[in-house]
Amino acid sequence: MAKEKKGKVITITSMKGGTGKTTAALFLASVYENLSKKVLLVDLDLYGGSLAFILNADVKNNIFNICNDMNNNRYKGINGNDYVVHYSKYLDVLAAPKDPRYASKIDKRCLQILLASLASYYDAVIIDTNHIIDVYNMIAFDTSDKIIGIFTNDAVDLKNTKTFVSICKNVGVENLLLVLNESIDYRKGYFSSYDIRQLLKHSIDYILPSNLYSDSYDMYVMDGNLYNRMLKLKSTSKKSYSILEKLALKLLEDKKGADDSEEK
């Protein structure tokens, strides 16, 4: 008998590289950890995932190994066979394949079953994706309670995000939240919030403020301290943390879809 669904599946995506998807996933995970929520980070950027690297996680198995075991009737549940890395008391990590050649060998039906089962074990399952609308991302979208589209104040990014919003409307997606990330490049502000809303035909549901910007990002990654720095955000930047906490709590709500409020 399948376990009763417990948590929420949250997929973070974008239509352009370098928008801060992975960092946003880590931000959310750190908030949930502070709230004592059990959270799983899933790296579905199968060709270039970096979550395990950023966290300096000791990975023994990955998504490919799980799907391969499913195909060969060896899979006994997510907690078996060192499939996930128990990074901390509340945070687990499911890594992408180290070798991108294994990505194309992942059985799509097995991936669908896997993602659909994870909410039975966690309060929040956060899926980090690539920036291409491929079959793997579509499986994640179908499985998700909420989809977060991260975008920046960049002309190319806005053009691609507009296309994504249009696709979501055409296929009846009602659980999309758009998050403007101003912390990637705090100098970019050519388009106003009004301009962006008119262009996208969608509200800006949340804004990650510019004071989250760090010019030491690479240093924190290489030192393995990026996640620890995020955990300290609550004491160092209370206003920014409050915005993140509101977003995190909203994502755990039962109601699907975004309202028309804009967080600033």
Side-chain angles (χ1 to χ4, degrees), residues 2 5 7-22 24-25 28-29 39-51 62-71 75 78 83 93-97 99-122 124-152 156-179 181 200-202 205 251 255-258:
K5 185 172 180 180
K8 297 292 187 225
V9 179
I10 303 157
T11 291
I12 301 180
T13 193
S14 71
M15 295 299 103
K16 177 179 172 292
T19 62
K21 277 190 297 77
T22 300
L28 283 176
V39 58
L40 175 67
L41 275 172
V42 180
D43 198 341
L44 204 63
D45 187 351
L46 300 176
Y47 294 96
S50 58
L51 276 174
N62 55 61
I63 294 176
F64 168 78
N65 300 114
I66 295 179
C67 292
N68 189 48
D69 283 355
M70 282 182 170
N71 270 331
Y75 181 66
I78 192 66
Y83 290 127
V93 182
L94 178 54
D99 188 334
R101 291 175 294 182
Y102 283 93
S104 59
K105 299 179 182 180
I106 293 176
D107 184 274
K108 299 170 183 61
R109 176 58 181 163
C110 289
L111 179 64
Q112 186 175 30
I113 294 171
L114 170 66
L115 295 183
S117 71
L118 295 178
S120 299
Y121 301 90
Y122 295 91
V125 178
I126 302 173
I127 304 175
D128 186 26
T129 66
N130 60 40
H131 58 276
I132 301 170
I133 305 181
D134 59 13
V135 64
Y136 301 112
N137 282 0
M138 292 305 297
I139 291 172
F141 296 160
D142 288 343
T143 308
S144 298
D145 295 286
K146 299 286 175 64
I147 302 168
I148 300 178
I150 299 281
F151 68 98
T152 61
V156 174
D157 196 2
L158 291 173
K159 176 261 181 189
N160 292 346
T161 302
K162 179 180 180 180
T163 300
F164 179 58
V165 169
S166 178
I167 291 172
C168 288
K169 288 181 178 178
N170 287 340
V171 299
V173 170
E174 297 179 350
N175 55 345
L176 174 66
L177 286 169
L178 289 186
V179 177
N181 189 358
L200 300 182
K201 306 300 182 187
H202 195 288
D205 297 290
L251 294 172
K255 180 183 174 182
K256 282 198 173 186

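Excluded from the calculations below are hydrogen atoms, water molecules and symmetry mates; all remaining heavy atoms, backbone and side chain alike, are included. Note that this is a predicted model, so its numbers are computed, not measured.
At a threshold of 4.5 Å between non-hydrogen side-chain atoms, the residues Asp45 and Thr22 do not count as touching. Leu51 is not listed as a side-chain neighbour of Leu94, based on a closest heavy-atom distance of 4.5 Å or more. Looking only at side-chain heavy atoms (C-beta outward), Tyr47 and Ile132 stay at 4.5 Å or farther from each other. Using a 4.5 Å heavy-atom threshold, the side chains of Thr163 and Met15 count as separate. A 4.5 Å side-chain heavy-atom check between Ile126 and Ile12 finds at least one atom pair inside the cut-off.
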Using the rule given for side chain to side chain contact (heavy atoms under 4.5 Å, CB included), can you reason through Val173 versus Ile167, listing the C-alpha separation, both sets of side-chain angles and the distance that settles it, and then say yes or no? CA-CA 9 Å; Val173 170; Ile167 291 172; over 6 Å; no
Cys110 and Asn71: CA distance, side-chain angles, deciding distance, side chain to side chain contact (heavy atoms under 4.5 Å, CB included) verdict: CA-CA 7 Å; Cys110 289; Asn71 270 331; 3.4 Å; yes
Verify side chain to side chain contact (heavy atoms under 4.5 Å, CB included) between Asn137 and Asn130, making sure each step is shown before the conclusion. CA-CA 8 Å; Asn137 282 0; Asn130 60 40; 2.9 Å; yes
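When each of Ile10, Asp145, Asn175 is checked for a side chain to side chain contact (heavy atoms under 4.5 Å, CB included) with Leu251, only Ile10 meets the rule. Among Asp43, Leu46, Ile147, Thr11, the single residue meeting the side chain to side chain contact (heavy atoms under 4.5 Å, CB included) criterion with Thr129 is Thr11.
Residues Leu44 and Ile127 approach most closely at CB-CG2, 3.7 Å, considering heavy atoms. Taking all atoms of both residues into account, the shortest heavy-atom contact from Lys16 to Thr19 is O-CG2, 3.2 Å. Here the closest non-hydrogen pair linking Ile150 and Ser14 is O-CB, 3.2 Å. Scanning all heavy atoms of the two residues, the minimum distance from Phe151 to Leu200 falls at CZ-CD1, 3.9 Å. Ala119 and Val9 get closest at one heavy-atom pair: CB-CG2, 3.9 Å. Listed here is the closest heavy atom pair of Leu177 and Asp205: CA-OD2, 3.4 Å.
To the nearest 0.5 Å, atom NZ of residue Lys21 and atom CD1 of residue Ile148 are 12.0 Å apart. The distance from the CG atom of Leu114 to the CD1 atom of Ile106 is 9.5 Å, given to the nearest 0.5 Å. Taking OH of Tyr122 as the start and CG of Leu41 as the end, the distance is 10.0 Å to the nearest 0.5 Å. With rounding to the nearest 0.5 Å, the separation of OG1 in Thr143 from CE in Met138 is 10.5 Å. Interatomic distance, His202 NE2 to Thr161 OG1, rounded to the nearest 0.5 Å: 11.0 Å. One finds the CD1 atom of Ile139 at 5.5 Å from the CD atom of Gln112 (value rounded to the nearest 0.5 Å).
The residues Asp107 and Arg109 are annotated as not salt-bridged, no charged nitrogen and carboxylate oxygen being separated by less than 4.0 angstrom.
Tyr102 and Asn62 are not linked by any side-chain donor-acceptor pair at a separation below 3.5 angstrom, with hydrogens and angles left out of the test.
In Lys159, the NZ atom is not crowded: 12 or fewer heavy atoms of neighbouring residues, nucleotides or ligands sit closer than 6.0 Å.
With Tyr121 contributing its side chain and Leu40 its backbone, the two residues share no donor-acceptor pair below 3.5 Å.
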